[in-house]
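Here the structure is laid out as structure tokens; the discussion comes afterwards.
All figures in this text were calculated on a predicted structure; none of them were measured in a lab. Nothing fancy with the numbering, it's 1 onward along the sequence. Only heavy atoms go into these numbers, but all of them, side chains included; no hydrogens, no water, no symmetry mates.
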Amino acid sequence: MNQAEICKLSLEVIELQKRDLQHQQRTIALLEKRQAMATEQNRLNQQVITMVSDTLSKNEDGWMERLWRRIRVTEPAQNILKSKHKKKR
């Protein structure tokens with residue numbers, strides 16, 4: 001092998017190493033972007049969990065109270081209707 005062939009092969013190795021380095025840099029950039037997206041998604045998920053939790057805690061008492069009012073209002077009304085129905089017979 002002469003000096004020119006060795007230089008040519010060395011240049012080829014350097015080019016391949018350069019391409020490999022560029023590929024690794026692109027891979028790192030994509031992984032960093034993916035990590036940033038996952039972090040943002042996690043932040044949004046935490047916001048949703050907080051909102052749902054707050055909404056449920058605010059509505060938890062409300063729906064029970066509304067149901068209880070309906071039951072209390074409905075029972076006497078049903079008793080009145082039953083007594084009127086019995087009187088007609």
Side-chain angles (χ1 to χ4, degrees):
M1 231 187 210
N2 64 26
Q3 189 71 21
E5 290 175 339
I6 292 173
C7 286
K8 188 177 177 181
L9 287 175
S10 294
L11 186 60
E12 194 176 325
V13 167
I14 291 171
E15 278 299 315
L16 290 172
Q17 288 175 337
K18 183 179 174 183
R19 286 185 201 166
D20 186 46
L21 181 60
Q22 289 171 344
H23 175 69
Q24 289 176 1
Q25 288 171 334
R26 282 193 303 266
T27 301
I28 290 169
L30 288 172
L31 290 173
E32 287 173 345
K33 186 175 180 180
R34 182 183 286 177
Q35 182 181 18
M37 290 169 60
T39 301
E40 177 65 10
Q41 184 65 44
N42 187 44
R43 186 186 68 77
L44 293 172
N45 286 343
Q46 290 301 321
Q47 278 185 335
V48 168
I49 289 169
T50 301
M51 291 168 140
V52 169
S53 178
D54 290 349
T55 302
L56 288 176
S57 66
K58 288 176 186 174
N59 290 331
E60 198 169 285
D61 294 333
W63 73 266
M64 286 290 273
E65 290 170 5
R66 287 192 306 269
L67 177 62
W68 183 243
R69 280 195 304 270
R70 281 186 182 175
I71 291 171
R72 288 191 320 207
V73 168
T74 305
E75 268 186 76
Q78 286 178 347
N79 290 337
I80 291 169
L81 289 174
K82 285 179 184 176
S83 65
K84 285 182 181 178
H85 184 67
K86 287 179 181 177
K87 290 179 184 177
K88 288 182 180 179
R89 288 184 181 181

Exercise. Honestly curious: do V13 and L16 fall in one hydrophobic cluster under the side-chain, below-4.5 Å linking rule?
Worked result: no
Exercise. When rounded to the nearest 0.5 angstrom, what distance separates CG in L44 from OG1 in T39?
Worked result: 11.0 Å
Problem set entry | Atom CD of Q47: over 12 foreign heavy atoms under 6.0 Å | yes
For this session: Output the distance between atom OG1 (T27) and atom CZ (R34), rounded to the nearest 0.5 Å.
Result: 10.5 Å
Exercise. Do the side chains of E12 and L9 get nearer than 4.5 Å, heavy atoms only?
Worked result: yes
Problem set entry | More than 12 heavy atoms from other groups under 6.0 Å of CD on E5 | yes
Seminar exercise, completed: Value for CD1 (I49) from CG (N42), rounded to nearest 0.5 Å, stands at 8.0 Å
Exercise. Tell me, do Q24 and D20 make a side-chain contact under 4.5 Å, heavy atoms counted?
Worked result: yes
For this session: Check whether more than 12 heavy atoms from other residues, nucleotides or ligands sit under 6.0 Å from atom CZ of R19, and answer yes or no.
Result: no
